[in-house]
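What you are looking at is a predicted structure, and each value in this text was computed from that prediction instead of being measured. The first residue of the sequence shown is numbered 1, and numbering continues consecutively from there.
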Amino acid sequence: MLYVKCFLCLYVKGHIGTTATKKIDVYLSMQMAQEKVHPMTVVTIANARVHDLIGLICWQYTSEGREPKLNENVEAYCLHIAEDDGEVDTDFPPLDSNEPIHKFGFSTLALVEKYSSPGLTSRQSLFVRINAAHGFSLIPVDSLKVTMKEILQKALKKRKGSQKGSGPLYRLEKQMEPNVAVDLDSTLESQNQLEFCLVRENSSRGEESSEEDPTIDITTVQDMLSSHHYKSFKISLIHRLRFTTDVQLGISGEKVEIDPVTNQKFWIRQKPISIDSDHLCACDLVEERSPSHSIFKITYHSNHDYKALYFESDAATVNEIVLKVNYILESRASTSRADYYAQKQRKLSRRTSFSFQKEKKTGQ
């Protein structure tokens with residue numbers, strides 16, 4: 001293996017008493033279900049880079065005779081933050097391979113193959129909900145680093161409004177904090193939530209809306225009304241080993257159905273899947289490589305756990321599906337979705353707190 005010689009010295013140095021070391025529990029996503037519930041403990045020198053740690057993990061995995069066999073190229077893998085039970089935290093990208101491992105304060109990580117890593121994307125979208133007098137809009141953003149000013153501008157553009165000229169001005173407020181304007185220079189990440197209200201300056205929520213208020217775009221209204229109507233799409237389901245099967249994805253306000261397309265190879269036995277809308281948690285654009293190839297993810301609740309399905313198709317079809325499902329999600333009060341986002345919120349708060357503490361220590 002290419003990583004054996006390269007990282008043997010790193011492994012040895014990690015056990016020398018005079019060298020600062022770091023013990024990390026690593027969950028191995030490529031192993032069988034019954035095996036990957038137990039992490040592999042790795043000891044490394046504290047100043048090793050993430051790239052070096054990946055090589056050490058691969059070397060130890062191979063030397064212990066674990067299955068399945070790994071790719072010989074270390075570049076095929078990345079490290080993700082993981083929960084104590086091994087669940088990969090897909091809300092955040094993988095650790096930067098060039099950064100020293102001591103920069104991160106996490107002692108539980110997961111080794112993930114890059115092709116299946118949702119964090120390794122050219123574009124990972126979130127939807128911000130903007131409530132206003134005439135309904136709501138879903139604003140897609142590519143990063144939590146986007147400023148609130150940019151979100152406001154997108155919201156006004158979607159609703160045919162403007163902050164320029166002699167027209168009325170608007171502000172954003174957190175959904176649960178009326179009459180407190182959001183700092184437009186702050187980032188979405190710092191807000192710790194994804195739902196806001198669009199309010200006209202010198203007004204407050206609950207006041208009678210005026211004709212000057214920006215009315216919602218007619219295409220948005222049509223999307224909202226038609227989102228619950230059944231529509232099917234022929235797309236591809238991505239499996240763990242990266243092969244795909246053609247499926248028909250049927251979406252309505254009541255359920256999402258995934259049916260295999262007939263005449264496929266005999267060794268590919270995709271079973272039909274039916275997901276009740278009350279069990280849907282999220283639908284996210286994962287990657288948009290080109291107009292002809294995009295990937296999206298549907299997350300749903302099943303058997304006391306959150307599961308994710310990945311699909312691919314052309315960009316136009318994927319964007320239509322993501323928007324349609326998100327309008328359905330926003331129009332329903334689902335316990336599964338509320339619990340899912342509460343969990344994401346806790347992760348976001350924990351990550352934000354960790355980043356703040358790290359910056360504080362760096363500045364000292």
**Prompt:** Below 4.5 Å, heavy atoms only, C-beta onward: do I24 and T108 meet side chain to side chain?
**Reply:** no
Margin query: Could you check whether any side-chain N or O of D52 sits under 3.5 Å from a backbone N or O of A48, counting only pairs where one atom can act as donor and the other as acceptor?
Written below: no
Under the criterion side chain to side chain donor-acceptor pair (under 3.5 Å), I'd like the reasoning laid out for E113 against N71: C-alpha separation, chi angles, the key distance, then a yes or no.
CA-CA 9 Å; E113 292 173 278; N71 190 314; over 6 Å; no
In short, salt bridge (Lys or Arg N to Asp or Glu O under 4.0 Å) pairs touching residues 144-153 with sequence neighbours left out are K145-E189
Query raised in the report: Quick one: are L169 and N202 in side-chain contact, heavy atoms under 4.5 Å?
Result: no
- Would a 4.5 Å heavy-atom cut-off, applied to side chains only, mark V261 and K234 as touching? yes
In short, G55 meets V74 closest at the heavy-atom pair N-CG1, 4.0 Å
- Where the side chain of S97 meets the backbone of H51, is there a donor-acceptor pair that is under 3.5 Å apart? no
Sorted by chain and residue number, the side-chain contact (heavy atoms from CB on, under 4.5 Å) partners of S302 (sequence neighbours excluded) come out as Y300, K307
Applied to residues 56-65, the salt bridge (Lys or Arg N to Asp or Glu O under 4.0 Å) test, sequence neighbours excluded, yields E64-R66
Scanning both residues in full, the closest heavy-atom pair of L280 with V256 reads CD1-CG2, 3.7 Å
For E312 and T244 the tightest heavy-atom approach is OE2-CG2, 3.5 Å
Mark yes or no for whether S334, through its side chain, and D278, through its backbone, hold a donor-acceptor pair below 3.5 Å. yes
Sorted by chain and residue number, the side-chain contact (heavy atoms from CB on, under 4.5 Å) partners of A181 (sequence neighbours excluded) come out as R171
Determine whether L172 and M148 make a side-chain contact, defined as any pair of heavy atoms from C-beta on separated by less than 4.5 Å. yes
Applying salt bridge (charged side-chain N to carboxylate O under 4.0 Å, His left out) to E177 and not counting sequence neighbours gives none
Is it the case that the side chain of T21 and the backbone of T44 share a donor-acceptor pair, with hydrogens and angles ignored and the cut-off at 3.5 Å?
no
Taking every heavy atom of H102 against every heavy atom of N47, the minimum-distance pair comes out as CD2-CA, 3.8 Å
Heavy-atom closest pair (C283 atom, I298 atom, distance to 0.1 Å) is SG-CG1, 4.0 Å
Residue set satisfying side chain to side chain donor-acceptor pair (under 3.5 Å) with D25, at least two apart, ordered chain then number -> T41
Hits for ring pair (Phe, Tyr, Trp, His ring centres under 6.0 Å) against Y306, two or more places apart or cross-chain, chain-then-number order -> H301, Y340
Margin query: Measuring only between side-chain heavy atoms, which start at C-beta, is D259 closer than 4.5 Å to P272?
Written below: yes
Those residues at least two apart in sequence (or on a different chain) that pass side chain to side chain donor-acceptor pair (under 3.5 Å) with Q191 are S186
Sorted by chain and residue number, the side chain to side chain donor-acceptor pair (under 3.5 Å) partners of D183 (sequence neighbours excluded) come out as none
Residues K255 and S277: closest non-hydrogen pair is N-OG, 3.1 Å
side-chain contact (heavy atoms from CB on, under 4.5 Å) filter on T317, not counting sequence neighbours, yields F233, I235, S313, D314, I321
For F311, the ring pair (Phe, Tyr, Trp, His ring centres under 6.0 Å) test, sequence neighbours excluded, returns F296
K231 meets the side chain to side chain donor-acceptor pair (under 3.5 Å) criterion, sequence neighbours left out, with E320
Check: Under 4.5 Å between any side-chain heavy atoms of I273 and I275, yes or no?
Finding: yes
(message) Counting C-beta onward and ignoring hydrogens, is there a side-chain heavy-atom pair between L109 and I57 closer than 4.5 Å?
(response) no
